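A short worksheet on the structure shown next.
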Protein chains: 2
Amino acid sequence: MTVPKVVDPEERRASVAAAVWRVVRRSGLDGVSVRTVAAEAGLSAGSLRHYFATQAELLAFAMQLVADRVRARVDAIGPGPDPVTTVRRVIDELLPLDPERRAEAEVWLAFTTRAQVDPALRALRDASYDALEGLCADLVDALAPEHPHRAAEIERLYSLIDGLVLHAVMRPDRATPELMGAVVDRHLAELGQ
Amino acid sequence: MTVPKVVDPEERRASVAAAVWRVVRRSGLDGVSVRTVAAEAGLSAGSLRHYFATQAELLAFAMQLVADRVRARVDAIGPGPDPVTTVRRVIDELLPLDPERRAEAEVWLAFTTRAQVDPALRALRDASYDALEGLCADLVDALAPEHPHRAAEIERLYSLIDGLVLHAVMRPDRATPELMGAVVDRHLAELGQ
DNA sequence: CATTTTGTAGCACAGTCGTGCCAGAACCCG
DNA sequence: CGGGTTCTGGCACGACTGTGCTACAAAATG
């Protein structure tokens, strides 16, 4: 085959997506125009369109990449010494406990609210929502098998996680990693009797 | 003083704000332009500017009005027969259990994420955040006075509520009023021992 | 009645938007 | 080397943006 190029085109698309993320964090999703993203990525607007034919494609790709990153992190978690530890590790990957993951959460929140009025993004959002719901179901089953209020406990855990993410994005000074950790600790302790 | 006019100017501003809400629900906050809101309110763009000098003022007013409505509902709740019932009534006013309150939550979510990059809206959001945090503190104190993990329990309750609101907005078919009610029931039961 | 205030509509300006299109540069392959 | 593909930048179009400004109608006030 061919020798690997200096810059893999798919990598280039990913670096443009990273530019989208930076613009989103700085100016919100409204600030994302073909021109602002191109400038952030060090390209011309016309050149950017060579990688993404339309803005809709650019946004969908950038959003999908966020979902992929989270999924990859969660999938990489191996089984721990006991269920509580394993569950705790999974939740730690979902929460924005460090600046990088908080940035991720900020971008995800922006995309997820736009999905409210954008059918293309909505499909991506719903798929991630379903996956996370299933993940929370697994966590509940691992900690409290055959729980008499299984459905409510799944939604309770999932809502708690999403609420913590929301708070960490909006008020990082209030929802600190320490506080979020304490909240999760208490919840898991109660869940496992 | 003067006889009340046919249309109170402040009422007119509120009806324009309602037009903003409708546009937000239909097209998102990005769809809110002076012209779209004017058309939705049955005015000309030039006439709208007689009530709101700038778009920023229009947005801030429309957002503030959402916060005011929630606050008014919560303040109207009288003491119930027992703490659990009272707390439950307060939470029920915060959750989008009917279409009207879900619409409210949708609009609030849109404004609150824009507040992430708009200092003027951010002040409004932070004030509401603080008020709700204080309210959750009161709820925890009412159910479990001098709880050994008070701070964590406050954040846990607040995150749970915001997570439920988020889910109700994004997936109203999944986060049904019944399921949310069951989740809150379980949480309050655990909180009061 | 006349006058002032209040409300309404519309136009114009300068800017940004997404996208279509095209002239070259850079690169790879034979 | 030539020829084809990939990449890059720039221009242009029509649409939409917030806001300043003006002319006119309606209502309130004297």
Side-chain angles (χ1 to χ4, degrees), chain A residues 1-20 22-24 26-63 110-111 114-115 117-121, chain B residues 1-20 22-24 26-63 110-111 114-115 117-121:
Chain A
M1 296 297 292
T2 64
V3 174
K5 300 175 186 172
V6 182
V7 179
D8 180 6
E10 205 57 27
E11 270 184 33
R12 190 53 100 81
R13 282 166 66 93
S15 92
V16 173
V20 172
R22 291 193 295 273
V23 175
V24 166
R26 192 192 320 127
S27 318
L29 211 30
D30 314 336
V32 173
S33 76
V34 173
R35 289 166 179 84
T36 58
V37 170
E40 179 72 33
L43 294 174
S44 71
S47 186
L48 189 151
R49 289 196 67 235
H50 185 253
Y51 294 95
F52 298 95
T54 66
Q55 168 168 263
E57 184 188 343
L58 170 62
L59 291 184
F61 183 83
M63 179 177 182
F111 276 110
R114 167 155 304 199
V117 293
D118 183 328
L121 300 186
Chain B
M1 295 301 289
T2 65
V3 174
K5 299 175 187 171
V6 181
V7 178
D8 180 5
E10 205 58 25
E11 270 184 33
R12 190 53 101 70
R13 283 167 66 94
S15 92
V16 173
V20 172
R22 291 193 294 274
V23 174
V24 167
R26 192 194 318 129
S27 318
L29 212 29
D30 314 335
V32 173
S33 76
V34 173
R35 288 165 179 83
T36 57
V37 171
E40 179 71 35
L43 292 174
S44 72
S47 184
L48 190 152
R49 288 197 67 235
H50 185 256
Y51 294 95
F52 298 94
T54 67
Q55 170 168 261
E57 184 189 341
L58 171 62
L59 291 184
F61 183 85
M63 180 177 182
F111 275 110
R114 168 157 302 200
V117 293
D118 182 331
L121 299 185

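As the structure is a computational prediction, the values presented were derived from the model and not from experiment. Order of the sequence lines fixes the chain letters, A, B, ..., with proteins taken first and strands second; residue numbering starts at 1 for each chain.
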Task: Rounded (10°) bend between the five-pair end axes of the helix from C:dC1-D:dG30 to C:dG30-D:dC1 - done: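 Roughly 10°, once rounded to the nearest ten degrees.
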Under 4.5 Å between any side-chain heavy atoms of [X] and [Y], yes or no?
{"X": "B:Leu59", "Y": "B:Leu29", "result": "yes"}
{"X": "A:Arg114", "Y": "A:Asp30", "result": "yes"}
{"X": "B:His50", "Y": "B:Arg12", "result": "no"}

Task: Residues from residues 42-60 of chain A lying under 4.0 Å of DNA chain D - heavy atoms - done: A:Leu43, A:Ser44, A:Gly46, A:Ser47, A:His50, A:Tyr51
- [ ] Kindly state which residues belonging to residues 30-40 of chain B come within less than 4.0 angstrom of DNA chain D, counting heavy atoms of the residue only, listed by number.
- [x] B:Val32, B:Ser33, B:Val34, B:Arg35
Open item on the list: If I take atom CG in residue B:Leu29 and atom P in nucleotide D:dT17, what distance separates them, rounded to the nearest angstrom?
Closed with: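 Answer to the nearest Å: 13 Å.
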Open item on the list: Do the side chains of B:Arg49 and B:Glu57 get close enough for a salt bridge, i.e. N-O under 4.0 angstrom?
Closed with: no
Task: Approximate separation, where rounding is to 0.5 Å, of B:Asp118 CG and B:Phe111 CZ - done: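 One gets 10.0 Å once the value is rounded to the nearest 0.5 Å.
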Task: By ring-ring contact (aromatic ring centres under 6.0 Å, His included) - contacts of B:Phe52 (at least two apart) - done: B:Phe61
Open item on the list: Checking B:Gln55 now: which residues fulfil side chain to side chain donor-acceptor pair (under 3.5 Å) with it, not counting sequence neighbours?
Closed with: none
Open item on the list: On a heavy-atom basis, which atom in A:Leu48 and which in A:Val37 lie closest, and how many Å separate them?
Closed with: CD1-CG1, 3.7 Å
Task: A:Gly31 versus A:Val23, closest heavy-atom pair with distance - done: O-CG1, 3.5 Å
Open item on the list: Taking side chain to side chain contact (heavy atoms under 4.5 Å, CB included) as the definition, give me every residue that meets it alongside B:Ser33, ordered by chain and number, with sequence neighbours left out.
Closed with: B:Arg35, B:Thr36
